[in-house]
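Letters A, B, ... mirror the listed sequences (proteins, then strands); counts begin at 1.
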2 protein chains.
Amino acid sequence: MFVDRLIDAVKEKNNPSVVGLDPALEYVPARIREKAFERHGKGLKGAAEAILEFNLKIIDAVYDLVPAVKLQLAFYEMYGIDGIRVFQETARHARSKGLLVIGDGKRNDIGSTALAYSTAYLGKVTVDGDEKEGVFDVDALTVNPYLGWDGIKPFIDDCASFGKGIFILVKTSNPSSAQVQDLVTADGRSISEIVAGYVEEWGRALTGKYGYSSVGAVVGATYPEQAVRLRSIMKNSYILVPGYGAQGGSARDAAAAFNSDGLGAIVNASRSIVLAYRSQLWKGLFGEEEFDKAARAEAMRMRDDINKALHTGEEHR
Amino acid sequence: MFVDRLIDAVKEKNNPSVVGLDPALEYVPARIREKAFERHGKGLKGAAEAILEFNLKIIDAVYDLVPAVKLQLAFYEMYGIDGIRVFQETARHARSKGLLVIGDGKRNDIGSTALAYSTAYLGKVTVDGDEKEGVFDVDALTVNPYLGWDGIKPFIDDCASFGKGIFILVKTSNPSSAQVQDLVTADGRSISEIVAGYVEEWGRALTGKYGYSSVGAVVGATYPEQAVRLRSIMKNSYILVPGYGAQGGSARDAAAAFNSDGLGAIVNASRSIVLAYRSQLWKGLFGEEEFDKAARAEAMRMRDDINKALHTGEEHR
């Protein structure tokens with residue numbers, strides 16, 4: 001069961017944080033870019049190969065520290081077929097290093113189509129009666145709830161069949177998330193609160209040994225007051241918290257999504273880790289070539305930052 | 001401008017309907033499947049090649065009849081890299097035949113990530129300062145509004161820069177769409193009505209020569225009463241109407257999304273066209289090998305069905 005594997009890894013590494021691999025080509029140090037362009041041309045393949053080397057080095061630098069990586073599909077699709085191949089190779093390498101892989105694709109559609117997405121990322125495709133290996137085969141996928149239950153059910157069925165997980169968007173970290181998610185219905189509940197209720201309900205059948213469900217939620221670190229309320233609605237859902245670091249959320253903000261057992265959430269940081277080598281904090285200590293060491297240093301700092309907030313900051317609970 | 005190209009094509013072909021290419025391998029006639037397996041093996045590549053041949057033959061059979069095809073990304077992603085290559089080749093072939101291509105991906109994310117999706121489907125990626133050709137390069141993309149304006153803006157910017165369009169999910173055709181989209185806020189409006197208001201507002205700057213905007217909406221044929229109301233909120237938005245045919249929507253239902261000028265909407269049918277050769281109506285006339293002829297016959301029937309509903313059925317307006 002996904003959620004049990006996730007919690008086991010969080011406990012083993014004493015770290016509820018996740019490294020987001022959302023690598024635009026501009027993030028990759030010049031020498032890696034140039035080497036890839038020499039070998040593969042200055043096109044989509046060269047760009048994708050540069051990103052692959054960058055990703056693999058970051059994974060090698062952090063795999064013993066973090067339980068999971070989150071791969072943002074958009075940044076791979078942007079480079080076409082070559083980019084998607086690099087998504088696949090990055091995911092494979094991460095899994096070979098014992099990391100859980102979260103595919104951040106925010107997929108959604110009507111039931112018959114949601115089933116096709118679920119097959120691609122969580123299930124196994126069948127070719128004329130022969131069940132094949134998983135196609136993209138991530139451990140968990142983010143999904144969007146705008147279509148309601150029958151757009152979510154195929155993913156949940158595959159979670160049950162293949163030991164996978166999903167994180168359903170509840171309250172996203174971006175500035176305009178209020179436009180739909182904070183709308184208040186006649187009964188006084190917001191859309192995000194109502195969706196949180198669905199997540200809790202839909203996830204009950206997939207509860208694991210720690211009392212948490214493999215049907216999780218996304219709640220941004222940028223809205224800590226709402227996170228407290230949403231946490232209370234979804235007591236047994238694991239929450240993926242984006243928005244820490246570059247988007248402005250602090251460890252104390254992220255802590256709002258956790259339960260008092262110190263579990264119940266994982267916190268993602270993407271740019272603050274993969275671009276640590278350019279940050280005020282680390283750029284004096286690590287050169288551009290040491291981007292992976294800078295990522296490791298920042299991943300350790302983030303782990304300690306969040307653990308400290310969890311042990312000392314009870315303000316939000 | 002996308003919406004003008006779309007309306008020109010609708011007028012020229014006297015047809016507001018769209019063929020949806022959402023081809024699961026099971027839809028492909030046995031002989032095409034077997035031939036593809038012999039050449040490419042009975043794996044993802046064989047499956048993808050079978051689908052490609054199926055798609056190309058359907059395009060060749062309908063391109064003079066319809067203004068556009070809609071490719072459902074999930075059904076290509078399901079077959080991995082090979083499937084995505086077939087998506088790209090299908091889109092390319094359709095465009096070479098003068099068809100507009102709508103990528104049905106329902107993509108969504110926070111601003112910086114939405115920009116990456118938009119670059120992949122509507123814009124042009126830059127590799128170290130060099131602007132490349134469009135990566136997937138469709139004419140329009142479906143997007144999900146759950147994240148609000150800053151998740152939509154990057155797509156709209158690319159619509160303006162590259163003459164593309166988007167269709168924002170407002171009211172989807174599936175049974176459980178009510179769970180989020182029909183929730184009613186304190187001011188008496190439903191979520192789908194509020195999103196419809198956003199679509200109208202966001203699209204104003206992209207209004208073309210016919211008074212319609214390249215920022216369109218998705219409203220399912222399965223909810224005709226709501227379509228009338230949503231149409232009145234989004235007077236100038238082009239509406240993509242799924243749900244005709246296999247999902248149960250009739251031509252009269254779909255007509256609810258049109259304006260009295262006979263414009264303002266396009267109606268998609270996927271399974272009822274690509275699987276026409278198995279339908280009660282056509283299977284006596286066409287054998288499995290004539291799936292393309294059956295698709296053409298059904299596309300003509302659908303065109304006439306919708307045009308008749310537009311000319312006679314004023315019930316919903």
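Of the residues considered (A:Thr142, A:Thr126, A:Leu25), A:Leu25 shows the highest number of contacts with chain B, using heavy-atom pairs under 4.5 Å. Ranking A:Leu73, A:Val135, A:Asp22, A:Val195 against chain B, the residue ahead of the rest is A:Val135, based on heavy-atom pairs under 4.5 Å. For the options B:Pro145, B:Ser177, B:Ala178, B:Ala114, heavy-atom pairs under 4.5 Å to chain A are most numerous at B:Pro145. Contact tally against chain B (heavy-atom pairs below 4.5 Å) for A:Gly220, A:Gly43, A:Gly123, A:Gly188: the top residue is A:Gly43. Chosen from A:Glu26, A:Gln88, A:Gln72, the residue pairing most often with chain B at heavy-atom distances under 4.5 Å is A:Gln72. Annotation: maximal heavy-atom pairing with chain B below 4.5 Å, among A:Asn144, A:Ile110, A:Val125, occurs at A:Asn144. Looking only at heavy-atom pairs under 4.5 Å with chain B, the residue among A:Ile84, A:Ile152, A:Asp187 that has the most is A:Ile84.
In terms of heavy atoms, B:Ser176 sits closest to A:Gly151 at OG-N, 4.3 Å. When all heavy atoms of B:Lys132 and A:Lys42 are compared, the closest pair comes out as NZ-O, 2.7 Å. Of all the heavy atoms in B:Pro175 and A:Asp150, the pair that sits closest is CD-OD2, 3.1 Å. The shortest non-hydrogen separation linking A:Ala120 to B:Met78 is CB-CA, 3.7 Å. Of all the heavy atoms in A:Trp149 and B:Gln179, the pair that sits closest is N-OE1, 2.5 Å. Minimum heavy-atom separation, A:Asp104 to B:Tyr117: O-OH, 4.1 Å.
The CZ atom of B:Phe75 sits 9.0 Å away from the OG1 atom of A:Thr119 when rounded to the nearest 0.5 Å. Taken to the nearest 0.5 Å, the OG1 atom of A:Thr185 stands 13.0 Å off from the CG atom of B:Asp182. The structure places CD of B:Glu77 at 11.5 Å from OG1 of A:Thr113, a figure rounded to the nearest 0.5 Å. Between atom CD1 of residue B:Ile81 and atom CZ of residue A:Phe136 there is a gap of 5.5 Å, rounded to the nearest 0.5 Å. Between the CG atom of A:Leu183 and the CD1 atom of B:Ile191 there is a distance of 4.5 Å, given to the nearest 0.5 Å.
Shown here is A:Lys124, whose NZ atom has more than 12 heavy atoms of other residues, nucleotides or ligands within 6.0 Å.
Within the 4.5 angstrom heavy-atom criterion, only side-chain atoms of B:Arg107, from C-beta onward, approach chain A. Contact annotation for B:Val184: only backbone heavy atoms (N, CA, C, O) come within less than 4.5 Å of a heavy atom of chain A. With a threshold of 4.5 angstrom between heavy atoms, A:Ser118 does not approach chain B through any atom at all. Heavy-atom distances place both the backbone and the side chain of B:Leu169 under 4.5 Å from chain A. Residue B:Arg85 touches chain A through both its backbone and its side chain, counting heavy-atom pairs closer than 4.5 Å. Looking at B:Phe37, only its side chain comes within 4.5 Å of chain A, counting heavy atoms on both sides. A:Asp128 touches chain B through backbone and side chain together, each having a heavy atom under 4.5 Å away. At a 4.5 Å heavy-atom cutoff, the contact between B:Tyr198 and chain A is made by side-chain atoms alone. With a threshold of 4.5 angstrom between heavy atoms, A:Pro242 does not approach chain B through any atom at all. Within the 4.5 angstrom heavy-atom criterion, no atom of B:Val28 approaches chain A. For A:Tyr79, the parts sitting under 4.5 Å from any heavy atom of chain B are the backbone and the side chain alike.
Remark: the backbone N or O of A:Leu147 is paired with a side-chain donor or acceptor of B:Asn174 at under 3.5 angstrom.
The shortest distance between side-chain heavy atoms of A:Tyr146 and B:Asn108 does not fall below 4.5 Å.
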